[in-house]
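Scroll down for the structure; my scribbles are underneath it.
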Amino acid sequence: MTQPEPSTSSAASSEPAASSDFAPDTLVVETGRPQRADGAAVNPPIDLSSTFVSAGDITASPYAYARFDTPAWTPFEEALGQLEHASLPGLVFGSGLAAISAVVSLVPAGGTLIIPTHSYQGALASAEQIAGRQNFDIVTVDISDTEAVIAALDEAGHATPGQVAADGAAASASAGEAGSPGMLWIESPTNPMLEVADVPALTTAAKDRGFLVSVDNTFATPLLQTPLDLGADIVVHSVTKYLAGHSDVVLGAVVTGNVGLREDLHTERSMRGGIAGPFEVWLALRGLRTLAVRLDRAQANAHAIAERLAAHPTVVETRYPGLPGDPGHARAAAQMNGFGAIISFTVDSAEKATAIAEAVRLWTPATSLGGVESLIERRRRHPAEPATVPEGLIRLSVGIENLEDLWADLEAALA
């Protein structure tokens with residue numbers, strides 16, 4: 001059965017309202033709301049319609065069928081586009097992995113995806129599956145080693161004449177165009193090793209060679225890092241994490257300022273059905289309102305806990321970009337507005353790490369991150385985690401509880 005083309009005049013593809021001069025922590029509260037008028041609602045409604053009235057030319061209707069676009073998504077998509085400093089609204093997906101897979105699918109046959117060795121394991125697994133179908137290569141790199149990444153870009157192939165615009169931006173609208181060498185995928189800080197990439201240097205090098213650049217900004221959020229300003233073409237989020245912030249929805253999102261890329265990604269979402277439910281998106285927008293205050297508190301807690309872990313005799317190594325001695329500290333200080341609320345620390349065995357994760361009373365032993373509650377996990381319990389992740393590595397997602405309660409519980413578990 002032939003699928004109808006998605007509407008090119010959708011309200012979701014129009015530019016979001018001007019963001020004025022508001023600071024980001026104001027924008028998270030104010031953006032994505034209905035127009036002000038006497039008697040108007042302060043919050044957008046939950047639009048539960050699966051189809052919309054339309055007759056004649058379907059491309060002339062702002063909305064036609066909810067798999068293509070729906071008013072339920074528009075406020076969140078516009079809000080995220082503004083926060084990421086994009087000229088276009090974002091695209092919400094049914095999960096972070098759906099968003100990742102849509103972006104990875106842009107890598108052309110015969111091209112190369114260069115991706116960090118220490119990436120979200122779902123991204124690595126999805127990339128391997130898509131590469132098998134679409135016949136492109138995957139090269140893993142230490143994303144914190146700028147020279148090694150540039151060497152991988154060179155080896156994967158140089159851009160052909162005309163592929164790169166005069167300003168250094170990718171001239172082609174899609175990574176899938178003939179002759180494109182592929183895509184550089186950046187996580188910074190990485191999951192779970194917290195390595196920090198030199199994002200401006202890598203985006204410049206990649207685009208000089210004709211590569212598209214995608215950045216997973218889940219750990220940093222747009223409050224701490226705006227990759228489009230650092231030269232990226234595409235930004236990816238697991239909305240499940242900090243943006244929604246309450247461990248109660250599964251969503252993803254993609255943001256770009258490139259019209260052609262957005263159309264490609266919109267088509268990928270529509271045709272493969274990786275869409276989000278209206279209520280989940282409404283919850284994510286509600287969660288977004290408190291992102292700034294949640295992140296401030298979690299980040300302050302994380303910094304204090306990282307300092308204490310670094311001085312603890314049981315801990316072999318502590319990774320947190322906010323520590324002056326951390327290998328990524330200088331880069332993070334230069335290109336981020338904060339250091340986030342994720343900590344990784346290592347003890348000397350898997351058994352000890354497991355015992356610590358099981359001994360806590362306040363911290364919750366669970367996967368995921370970015371909620372108001374503090375989570376603890378030994379990452380190598382996942383079979384797909386790279387072998388370069390230490391067996392005794394514990395990842396902490398620091399929440400907004402009382403700092404001394406969190407530390408007392410963790411210190412007791414360490415003992």
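With His118 as the partner, the side-chain contact (heavy atoms from CB on, under 4.5 Å) test is satisfied by one option alone out of Leu194, Thr388, Ile143: Thr388.
A donor-acceptor pair shorter than 3.5 Å cannot be found between the side chains of Thr364 and Glu373. No side-chain donor-acceptor contact under 3.5 Å links Thr346 and Glu317. Between the side chains of Lys352 and Ser349, not a single donor N or O lies within less than 3.5 Å of an accepting N or O. Side-chain contact annotation: Asn337 with Gln225, donor-acceptor N/O pair under 3.5 Å absent. In this model, no donor atom of one side chain and acceptor atom of the other lie less than 3.5 Å apart for Arg395 and Ser344. When only modelled atom types and interatomic distance are considered, Asp216 and Thr218 share a side-chain donor-acceptor pair under 3.5 Å. At a cut-off of 3.5 Å, with distance as the only test, a side-chain donor of His237 or Glu84 sits close to an acceptor on the other residue. Between the side chains of Thr146 and Arg331, at least one donor-acceptor pair of N or O atoms lies under 3.5 Å. Between the side chains of Asp142 and Ser144, at least one donor N or O sits under 3.5 Å from an acceptor N or O.
With a 4.5 Å cut-off on side-chain heavy atoms, Ile394 and Arg379 do not count as touching. Side-chain atoms of Leu184 and Leu212, non-hydrogen and from C-beta on, never get closer than 4.5 Å to each other. You'll find the side chain of Pro327 reaches within 4.5 Å of the side chain of Arg319, heavy atoms only. In this structure the side chain of Leu369 reaches within 4.5 angstrom of the side chain of Phe219, judged on heavy atoms.
Around atom OH of Tyr65, no more than 12 heavy atoms belonging to other residues, nucleotides or ligands sit under 6.0 Å away. Within a 6.0 Å sphere centred on CZ of Arg381, other residues, nucleotides and ligands contribute more than 12 heavy atoms.
Under a 3.5 Å cut-off, the side chain of Asp233 and the backbone N or O of Val213 do form a donor-acceptor pair. Formation of a donor-acceptor pair under 3.5 Å by the Thr318 side chain with backbone atoms of Ile343 is not found in this model. In terms of modelled atom types and a separation under 3.5 Å, the side chain of Asn301 and the main chain of Glu401 share a donor-acceptor contact.
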Q: Quick one: do Leu414 and Ile356 satisfy side chain to side chain contact (heavy atoms under 4.5 Å, CB included)? Show the steps, please.
A: CA-CA 6 Å; Leu414 287 165; Ile356 291 167; 3.7 Å; yes

For Val255 and Val236: C-alpha separation, side-chain torsions, deciding distance, then whether side chain to side chain contact (heavy atoms under 4.5 Å, CB included) applies. CA-CA 7 Å; Val255 186; Val236 180; over 6 Å; no

Report task. Apply the test side chain to side chain contact (heavy atoms under 4.5 Å, CB included) to residues Glu391 and Arg378: give CA-CA distance (whole Å), side-chain angles for both, the deciding distance (0.1 Å), then the verdict. Result -> CA-CA 8 Å; Glu391 287 281 2; Arg378 185 180 81 86; 3.0 Å; yes

Could you walk me through whether Leu393 and Arg380 pass side chain to side chain contact (heavy atoms under 4.5 Å, CB included), step by step?
CA-CA 7 Å; Leu393 184 137; Arg380 280 293 296 279; 5.9 Å; no

Are Glu280 and Arg286 close enough, and set up right, to give a salt bridge (Lys or Arg N to Asp or Glu O under 4.0 Å), and what steps lead you there?
CA-CA 10 Å; Glu280 287 82 357; Arg286 185 174 72 165; over 6 Å; no

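By the 30° and 60° cut-offs, the orientation of the rings of His312 relative to Trp407 is perpendicular.
In summary, the aromatic rings of His329 and Phe339 are positioned with their centroids under 6.0 Å apart.
The minimum heavy-atom distance between Asn402 and Asp405, with the atom names listed, is OD1-N, 3.0 Å.
Salt bridge annotation for Glu77-Arg269: present, with a cationic side-chain nitrogen under 4.0 angstrom from a carboxylate oxygen.
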